[in-house]
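Inspection log for the structure reproduced underneath, given as structure tokens.
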Amino acid sequence: MKRIFKSIQQKLICTSAAIKKIIKPKLSLRLNIVATLRSTALLLFSMGCLHPNCTAQSALRGASSKAVEAGASTYCNPINIDYGYTPIPNFSEWGRHRATADPVIVNYKNEYYLFSTNQWGYWWSSDMLHWNFISKKFLRPWNEGYDELCAPAVGIVGDTMLVFGSTYTRKFTLWMSTNPKANEWKPLVDSFDIGGWDPAFFTDDDGRFYMYNGSSNTYPVYGVELNRKTFQPIGTRMPMYMLQDWRYGWQRFGEHMDNTFLDPFIEGSWMTKHNNKYYFQYGAPGTEFSGYADGVVVGSKPLFDGIEIHPQSDPLSMKLGGFARGAGHGSTFTDNTGNYWHVSTIMLSVKNNFERRIGIWPAGFDKDDVMWCNTAFGDYPHYTASPNPSKGRALQVPDISKSSSYDELLKLPPLGGGGAFTGWMLLNYKKPVTVSSTLGSYYANNANDEDIKTYWSAASGNPGEWIQTDLGNVSTVNAVQINYADQDVAPDHLGKINGGDQYHQYKMYYSVDGKKWMMLVDKSNNKTDIPHEYVELSAPVQARFIKVENIHMPSGKFAISGLRVFGNGNGTKPDAVKTFFVLRTDKDKRSGWIKWNPVDNAYAYNIYYGTEPDKLYNCIMVMGNTVNEYWFKAMDLKKAYYFTIEAVNENGVSERVKTVKVE
């Protein structure tokens, strides 16, 4: 096999001069040669030899045969950081559990700093992949409240980072640092008089400094300018935006967007400036729900009082389906190459409504200055490096058969890039699972049902407990995610715990027949806390079975909410959906009934929608090959909508159906 691969690879690697000589003959000959190269590349892919990170350009230019390109890296939501446990005893009466939310990431001196609720510190990273925790308590003796740093505001003023936590008092300290990596902080204002819940800071291009805040289902969110020297307010707070759930269906409260029980909440402010426009972001309608999202309102000034504003009809970030759901109360930042990203809250809400995690999604602005965030396949592996896809979704395999010249070949977009979906599909959804033991009704198949709320638990947390998943056939495996669950965690686990026994250890094996096992990952000596472990393999393997053996748990039982295997099933992509329609009536234009014919060889469907046919930036993943309807309640009642659908399986996605318009 190695000799065959080497021979084929040598035929693929051509110099630019050689290709130019090839392309000069007649068009038909050129296309035949290009088609041959394309067929050879597809053969390599089917053999598991051509990693998705390789590009048509690199193959034609003589790229390395390594499985992963140098410097290429991926991540998978929820991000794998050492989340602390909720520090509030009455929030964890149903069991001690990890929890954080309301994340802010800022790019400070070309490094990334992540702050979130009640973590007794913060993280920094140089690559958005490896996050290093710094322990720091910001609450001082006269700072009233039990929240250490809840829904924090983080801003940059000149060369200084500012941090401030949510408070309803006038006695919370405003902190400053010019070296947060070394944990060097000092009070800037002992008691920040203005206070505010869910605060956010924004520094405009002219140096003027603003604060936004608010969390209510009665009042709007507010904004105010602050004096750069005294940090006292200039004037009074001005209303920025109040929810319009009578118009925008997605703003309605509840898991089913029906406004039963409570009116919707608006909270979690953030401001981004682009092309001299101000994009005010806000979270709604409630952190407990799959529909928790961030909306956008666009204005011409940083304070919206008395000016014309333009709410975008659909959420900036929303993730209604899949394993990790919800994408609200977050912030937007740029990486070191100028690409936009959005970090926000993933809901879990099992042991408490405020049990949550963090996700990072690619974002940006299109040619018409519409702000977008891509959550399609948002809990599958994505790239972090290189440029973002222009329209915010996974880049497709370049079709080199359509290129008639060498120059056109060189212009083909690469596979992957920052924020781009890798194309590695989920291989084990609802397939057979075998385990060492089971605690009560925490059954084995809870570990691969694509629901972060459910989990399997072994009877103990002892070494030797294990879980094994059958992929159904020999498949190409590129990455594995292990999402641990909190079951019977020790009563003393309140707040952030560092060191001691706070680490995971395991061994991961793979097999083609379930009899002969080979080591895939050995973390039996690991000393770090990895609650959402994600491993990108240095080279893909061919396997049918994946097995994880417990060595050590930080506390409690060996419990898994999602053992997720990614790669390619070495088979055929799903058939396209044949019939697709959306019913929308005058009864309530915010809602619709989406129907389609099931596809036998699909395990899920992606429904894309938007208010323009070329701006289908929002996506709903619907799991199950027998499911053929979705009650959609998130529309702007004053706009026409456009929808399309694609089928998903272990081998890729189908062609999308023709976009349909509903008035």
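Between Phe280 and Tyr241, the distance from one ring center to the other does not fall under 6.0 angstrom. Taking the six-membered ring for Trp, Trp185 and Phe138 have ring centres closer than 6.0 Å.
By the 4.0 Å N-to-carboxylate-O rule, Asp82 lies close enough to Lys496 to be salt-bridged with it. For the pair Asp245 and Arg590, the salt-bridge criterion is not met [side-chain N within less than 4.0 Å of a carboxylate O]. Using a 4.0 Å cut-off between charged nitrogen and carboxylate oxygen, Arg252 and Asp258 do not count as a salt-bridge pair. Between Lys277 and Asp369 there is a salt bridge, with a side-chain nitrogen of the basic residue lying less than 4.0 Å from a carboxylate oxygen of the acidic one.
The aromatic rings of His493 and Tyr85 sit perpendicular to each other, their planes meeting at more than 60°, with 30° as the lower class boundary. Classification of the Tyr340-Phe365 ring pair by plane angle, with boundaries at 30° and 60°, yields perpendicular. Relative orientation of the Tyr484 and His504 rings is tilted, given thresholds of 30° and 60° on the angle between their planes.
With sequence neighbours left out, Arg208 forms a salt bridge (charged side-chain N to carboxylate O under 4.0 Å, His left out) with Glu225. Among residues two or more places apart in sequence or in another chain, the ring-ring contact (aromatic ring centres under 6.0 Å, His included) test is passed with Trp197 by Tyr168. For Asp368, the salt bridge (charged side-chain N to carboxylate O under 4.0 Å, His left out) criterion is met by Lys615, not counting sequence neighbours. With sequence neighbours left out, Phe172 forms a ring-ring contact (aromatic ring centres under 6.0 Å, His included) with Phe164.
A heavy-atom distance below 4.5 Å is not found between the side chains of Gln251 and Ile266. When side chains are defined from C-beta on, Pro233 counts as touching Leu226, because their heavy atoms get closer than 4.5 Å. Counting only heavy atoms from C-beta outward, the side chains of Tyr83 and His532 approach each other to under 4.5 Å. You'll find the side chain of Tyr248 stays beyond 4.5 Å of the side chain of Leu243, heavy atoms only.
Annotation: ring pair (Phe, Tyr, Trp, His ring centres under 6.0 Å) contacts involving residues 217-240, sequence neighbours excluded, comprise Phe209-Phe231. Each salt bridge (charged side-chain N to carboxylate O under 4.0 Å, His left out) pair with one or both residues in residues 316-325, not counting sequence neighbours, appears once here: Lys319-Asp379, Arg325-Asp451.
Residues Tyr292 and Ser344 have side chains that never bring a donor and an acceptor to within less than 3.5 angstrom of each other. Counted by atom type alone, Thr173 and Arg140 present one or more donor-acceptor pairs between their side chains at under 3.5 Å.
To the nearest 0.5 Å, atom OH of residue Tyr641 and atom CG of residue Asn618 are 8.0 Å apart.
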